Amino acid sequence: MPELPEVEVVRRGIEKWVRTRTVESVQVLDPRSVRRHVDGVLDFEESLTGCTISSVGRRGKFLWLGLAGLESETVLMAHLGMSGQLLVEGAEAPDEKHLKVRLSLSQAKDYPDELRFIDQRIFGGMFLSSLVPTKDGLPGGVGVQEPLIPQAAAHIARDVLDPYRSAEDLYVALRKRSTELKRAILDQAVISGVGNIYADEALWQSKLSGLRKTATIRRPEVQRLNEALIDVMTRALAAGGTSFDSLYVNVNGASGYFARSLNAYGREGKFCLRCVENGVASVIRRDAFMGRSSYTCPVCQPRPRVR
DNA sequence: CCTAAGACCTGGCTGC
DNA sequence: TGCAGCCAGGTCTTAG
């Protein structure tokens with residue numbers, strides 16, 4: 001399940017293989033994977049053909065390829081959704097079972113000549129998006145210098161690892177909301193790149209309950225949460241991203257292995273490792289939340305009082 | 001304006 | 001063994 005670290009692994013992984021290369025042909029094998037391209041499959045294929053890839057940018061979980069050769073400033077957006085992969089492969093490699101889009105690239109010595117988008121659950125997709133100025137005049141995301149952001153990602157906040165974001169930004173965004181803490185950090189307009197897994201990990205690490213109301217959050221708590229978010233994401237990135245089912249595979253085809261160092265997510269019924277260290281035998285619990293699961297320690301992440 | 005719930009998807013798993 | 005139904009989850013859309 002790609003969250004920010006996995007998407008950044010992909011961004012770094014494909015950058016050197018695709019930058020400066022020209023898209024010679026485009027093949028959409030499943031129109032559902034380009035459904036966000038409002039002008040249709042044919043327009044997607046025709047517009048992209050002949051473009052040269054100039055950069056690979058990212059904000060949160062949105063990835064984009066900068067394009068030269070189009071009249072207006074437009075980028076190729078890619079979102080991996082739940083199960084998406086971007087692979088750089090030779091044309092001779094057999095089509096993957098869930099291959100959705102194939103970009104054939106100009107020949108380059110010792111470089112594979114296809115960029116493939118593979119997606120089983122089709123929550124992800126590709127589409128073209130025009131660039132708009134950033135609201136703060138600062139670079140649009142990781143991998144880009146210009147103060148431009150794809151229109152389709154302009155509404156989301158800077159992500160956890162964005163150097164132009166601060167703990168105070170997070171505090172301000174949280175205090176503007178009137179909802180629960182976990183719901184808020186999963187809202188990409190508050191802070192981007194956080195999904196269900198790393199939300200639980202960062203809340204556990206900062207000893208905060210996701211049920212806390214954002215209106216009651218104090219600066220020191222946000223400071224702790226912010227540090228935890230950065231720490232969790234940084235460690236996951238160093239490990240090459242997390243993988244649970246075999247759906248997520250990084251650009252080299254190898255699964256990430258951060259999953260084995262998770263402290264909360266997926267650990268229902270197991271001891272809270274921090275409490276055990278303190279001589280307390282508390283057990284991680286799972287609760288339904290927004291149609292998914294939340295994993296928490298009932299002892300070190302005290303729930304707010306209900307009135 | 002805000003927040004919350006529903007829809008989109010497939011395939012692995014569970015239970016009858 | 002077969003099959004219906006549940007579950008996973010990010011983001012957009014719709015409802016309140």
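Fair warning: this is a prediction, and the values are worked out from it, not measured in the lab. We name chains A, B, ... by the order of the sequence lines, and we start the count at 1 in each one.
Residues forming a salt bridge (Lys or Arg N to Asp or Glu O under 4.0 Å) with A:Arg158 (at least two apart in sequence, or on another chain): A:Asp136, A:Asp162. Applying the salt bridge (Lys or Arg N to Asp or Glu O under 4.0 Å) criterion to A:Glu168, with sequence neighbours excluded, gives A:Arg219. In terms of the ring-ring contact (aromatic ring centres under 6.0 Å, His included) criterion, A:Phe117 has no residue partners (sequence neighbours excluded). With sequence neighbours excluded, no residue satisfies salt bridge (Lys or Arg N to Asp or Glu O under 4.0 Å) with A:Arg292. Remark: A:Glu227 pairs with no residue by the salt bridge (Lys or Arg N to Asp or Glu O under 4.0 Å) rule, at least two apart or across chains.
Within the structure, every pair that satisfies the side chain to side chain donor-acceptor pair (under 3.5 Å) test and touches residues 267-284 of chain A, not counting sequence neighbours, is listed here: A:Glu268-A:Arg286.
At whole-Å resolution of the value, CD1 in A:Ile191 and P in C:dT11 are 13 Å apart. Across the protein-nucleic acid pair, A:Glu6 atom CD and C:dG10 atom P stand 11 Å apart, rounded to whole Å. Here the P atom of nucleotide C:dC7 and the CD atom of A:Glu268 are 13 Å apart, to the nearest Å. At whole-Å resolution of the value, CD1 in A:Ile197 and P in C:dG9 are 7 Å apart. One atom, NZ of A:Lys97, and another, C1' of B:dT10, lie 9 Å apart when rounded to the nearest Å. As a whole-Å value, the separation of A:Tyr198 OH from C:dA8 C1' is 16 Å. What separates CE of A:Met290 from P of C:dG10 is a distance of 9 Å, to the nearest Å. Summarising the geometry, the separation between CG on A:Asp200 and P on C:dG10 is reported as 11 Å, rounded to the nearest angstrom.
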Which donor-acceptor pairs under 3.5 Å do side chains of residues 48-56 of chain A form with protein atoms, sequence neighbours excluded?
| residue | atom | partner | partner atom | Å |
| --- | --- | --- | --- | --- |
| A:Thr49 | OG1 | A:Glu45 | O | 2.6 |
| A:Thr52 | OG1 | A:Thr22 | OG1 | 2.9 |
| A:Ser54 | OG | A:Gly66 | O | 3.2 |

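Picking from B:dA5, B:dT10, C:dC12 the nucleotide with the shortest atom distance to the side chain of A:Phe62 gives C:dC12. Closest to the side chain of A:Arg183, from the set B:dA5, B:dG11, C:dT11, is B:dA5.
For A:His155 and C:dT11, the shortest distance from a side-chain N or O to OP1 or OP2 is not below 4.0 Å. At B:dA4, one or more side-chain N or O atoms of A:Thr179 fall inside 4.0 Å of OP1 or OP2 (strictly under the cut-off). Using a 4.0 Å cut-off, some side-chain N or O of A:His79 falls inside it from OP1 or OP2 of C:dT11.
Helix bend of the helix from B:dC2-C:dG16 to B:dC16-C:dG2: the angle between its two end axes, each built from five pairs, comes to 60° after rounding to 10°.
Grouped with A:Val75 in one hydrophobic cluster are A:Phe62, A:Trp64, A:Met77, A:Phe127, A:Leu131, A:Val132, A:Val144, A:Leu148, A:Ile149, A:Ile156, the linkage being side-chain heavy-atom contacts under 4.5 Å among Ile, Leu, Val, Met, Phe, Trp and Tyr residues. Cluster note: A:Phe271 groups with A:Val276, A:Val283 through ILVMFWY side-chain heavy atoms spaced under 4.5 Å, whether in direct contact or through intervening members.
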Shorter than 3.5 Å, N or O on both sides, protein versus nucleotides 6-9 of chain B: list them out with atom names.
| residue | atom | partner | partner atom | Å |
| --- | --- | --- | --- | --- |
| B:dC9 | O3' | A:Arg32 | NH1 | 3.3 |

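Using a cut-off of 4.0 Å between Lys/Arg side-chain N and Asp/Glu carboxylate O, A:Arg212 and A:Glu221 are scored as salt-bridged. Using a 4.0 Å cut-off between charged side-chain N and carboxylate O, A:Arg183 and A:Asp187 make no salt bridge.
Taken residue by residue, residues 171-178 of chain A places heavy atoms nearer than 4.0 Å to DNA chain B at A:Arg177, A:Ser178.
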- Apply side-chain hydrogen bond (donor to acceptor under 3.5 Å, both in side chains) to the pair A:Ser83 and A:Asp119, showing each step before the final yes or no. CA-CA 5 Å; A:Ser83 54; A:Asp119 192 10; 2.6 Å; yes
